[in-house]
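In what follows, chains are A, B, ... by sequence order, proteins preceding strands, each numbered from 1.
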Protein chains: 2
Amino acid sequence: MASILECTNSSKSIFDHDISASRFSARPLYLQARDAIAQRIAAGDWKPHTAIPNEADLAREFGVSPGTMRKALDLAEAERLVTRRQGRGTFVTDPTSDDQVERYNCIRGRDGKRAGKEIEVLSLLETTVNERECLRLHLRLRERVIRIRRLRLADGRPYMLEDVVLPARLYPNLTHETASERTVVMAQKFGVLLGKGEERVSIGNAAPDVASALQVDEGHTIMRLDRVIYTLQDKPAEWRMGHCLMDGRYYLSELR
Amino acid sequence: MASILECTNSSKSIFDHDISASRFSARPLYLQARDAIAQRIAAGDWKPHTAIPNEADLAREFGVSPGTMRKALDLAEAERLVTRRQGRGTFVTDPTSDDQVERYNCIRGRDGKRAGKEIEVLSLLETTVNERECLRLHLRLRERVIRIRRLRLADGRPYMLEDVVLPARLYPNLTHETASERTVVMAQKFGVLLGKGEERVSIGNAAPDVASALQVDEGHTIMRLDRVIYTLQDKPAEWRMGHCLMDGRYYLSELR
DNA sequence: AAGTGGTCTAGACCACTCA
DNA sequence: GAGTGGTCTAGACCACTTG
């Protein structure tokens, strides 16, 4: 019997989706079920904001018990793939919704609110990886990357210069327009599901190009934000080096 | 039948521990069971590194089903109360062990390793809260706090001046010696179970007292680390303001 | 071989939402 | 009242560790 992982089409036959035949596989059923859910969301079979079938139906469709399906859904919710509400249903999380869009943005203004939303693309280039990118993004030599230099603005004023590097494989034919979107929006357009990230925050001084872009003197103290975001499958999906003016702003870190 | 929450003594009677009678309580059984586990660990009934009874025994003792007890243990593990290892058992996590002690310390050296461990207490004072402390620690007016000023050193050199504020109620009769321990060690000595934290990172300049403590010029650029750590019950347990030299160091933030 | 946690089943009833 | 997720039960078998 075919694994659910091979079936991203819209066939309704329960047989195509049944994963109970792979119960002798090494991977636990609840993880396979979670994978199947992720797959459908990534492929766009299930759109953001829409309800997915209820637990019992999904369990029947995938050929697992309700308890196992629940465990898969619990995991999917923890990974922000879905949102569940008692009495209402299970909904596909929209990563571009107001409460999710700033998921990886830790910069806050004096008022505690997140900093500005405007983004201006300065340059966009597809090329071959250099050594640093290779290390940071775990790519092979000669793989292609997309380099984006862009500016973030708050109230019309630039506060952060970003150098974004993306594996070209994940974002084929990226346009200038898409490059001006936030990371989560770009990812969603290409069916990339984002998971954990890691950011290294340090203090630095504005190099000439950074200073002119941010409209400050050369050598101005800035915060350097060196961030890598991984996909749900733990593959690097973005490396961003940010150069941020911190007057009146702070970086908010959640500790667990 | 008595709730488990009232029983922190070492009585072995299963009746004293049974929480099934509170199944009509608003609080779900698995949360009550988790609370009971936390209580015993905080009270020192179960010591770090020791094994606790297996799932089936705990389920019988608490009067719940194995599935419910498992859910409680899953939660306790996510909260770092216990560590479970297949085939071996469930063990009380030692918050002062090497891999846990630096849980809230995000400062890393050039090599990616955590910064130095030495701590030198400069001053220790019990007093009444001021306004800022009141806000940060959610305390009532006139509550008592302990203020600790201390220095962190790496390779014998100071790199961070810390102003730590603790609610005196949680840390009765804190000694100078205990004040030189890390947060997690202090908390463990007083049976305080720590949960989430939140840190605001900004850039600042060393005030005169900070500069002299860190052996740098006044006005030297530093990173300000404004951190609040909460207990597992979401009550503030510590407010720390750190003033940190960042030459060659960075702040590591995990994004989820 | 015995004991542990990890996975999985197949139900039950409750709390909540909405038409 | 019908449908949803949330909680809870009472087992089964498997994978892993240790004596």
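Following rounding to the nearest Å, B:Asp57 (CG) and C:dG3 (P) show an atom-to-atom distance of 11 Å. Counting to the nearest Å, the P atom of C:dT7 and the CZ atom of A:Arg27 are 11 Å from each other. Following rounding to the nearest Å, A:Tyr30 (OH) and C:dC8 (C1') show an atom-to-atom distance of 11 Å. Taking atom CZ of A:Phe62 as the reference point, atom C1' of C:dT9 lies 18 Å away to the nearest angstrom. Between the P atom of D:dG5 and the CG atom of A:Asp74 lies a distance of 12 Å, rounded to the nearest Å. Atom CZ in B:Phe91 sits about 8 Å away from atom P in C:dG5, given to the nearest Å. The separation between A:Arg70 atom CZ and D:dT9 atom P is 15 Å, rounded to whole Å. B:Arg85 has its CZ atom 11 Å from the P atom of C:dG5, to the nearest Å.
A:Glu77 places a side-chain N or O within 3.5 Å of a backbone atom of A:Arg84 that can act as its donor or acceptor partner. A donor-acceptor pair is defined here as one N or O able to donate and one able to accept, closer than 3.5 Å; no such pair exists between the side chain of B:Thr93 and the backbone of B:Pro95.
Side-chain contact check for A:Tyr251 and B:Glu199: no donor-acceptor pair (N or O, by modelled atom type) lies under 3.5 Å. A side-chain donor-acceptor contact under 3.5 Å links B:Glu238 and B:Thr183.
For C:dC8, neither phosphate oxygen OP1 nor OP2 lies less than 4.0 angstrom from any side-chain nitrogen or oxygen of A:Lys71. For the OP1/OP2 pair of D:dT18 and a distance below 4.0 Å, the side-chain nitrogens and oxygens of B:Arg88 include at least one atom meeting the criterion. Contact annotation: B:Thr68 side-chain N/O to D:dT9 OP1/OP2 distance is under 4.0 Å. Neither OP1 nor OP2 of C:dG3 sits under 4.0 Å from any side-chain N or O of B:Asn54.
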Can you give me the N/O atom pairs linking the protein to nucleotides 10-15 of chain D at distances under 3.5 Å, or say none if there are none?
{"unit_1": "D:dA15", "atom_1": "N3", "unit_2": "B:Gln86", "atom_2": "NE2", "d": "3.0"}

**OP:** Decide side-chain contact (heavy atoms from CB on, under 4.5 Å) for B:Leu252 and A:Glu198; before the verdict, give the C-alpha distance in whole Å, the side-chain angles of both, and the deciding distance to 0.1 Å.
**Re:** CA-CA 7 Å; B:Leu252 182 62; A:Glu198 182 182 287; 3.5 Å; yes

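Which of D:dG6, D:dC8, C:dG5 sits closest to the side chain of A:Glu55 comes down to D:dG6. Ranking C:dG6, D:dT7, D:dG5 by closeness to the A:Arg84 side chain, first place goes to D:dG5.
A distance of 11.5 Å separates CZ in A:Arg136 from CD in A:Glu133, rounded to the nearest 0.5 Å.
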Donor-acceptor list for residues 100-107 of chain A side chains, cut-off 3.5 Å, not counting sequence neighbours:
{"unit_1": "A:Glu102", "atom_1": "OE1", "unit_2": "A:Asn105", "atom_2": "ND2", "d": "2.8"}
{"unit_1": "A:Glu102", "atom_1": "OE1", "unit_2": "A:Arg182", "atom_2": "NH1", "d": "3.2"}
{"unit_1": "A:Glu102", "atom_1": "OE2", "unit_2": "A:Arg182", "atom_2": "NH1", "d": "2.7"}
{"unit_1": "A:Arg103", "atom_1": "NE", "unit_2": "B:Arg256", "atom_2": "O", "d": "2.9"}
{"unit_1": "A:Arg103", "atom_1": "NH1", "unit_2": "A:Leu194", "atom_2": "O", "d": "3.4"}
{"unit_1": "A:Arg103", "atom_1": "NH2", "unit_2": "A:Gly195", "atom_2": "O", "d": "3.2"}
{"unit_1": "A:Tyr104", "atom_1": "OH", "unit_2": "A:Gly195", "atom_2": "O", "d": "2.5"}
{"unit_1": "A:Asn105", "atom_1": "OD1", "unit_2": "A:Ile107", "atom_2": "N", "d": "3.1"}

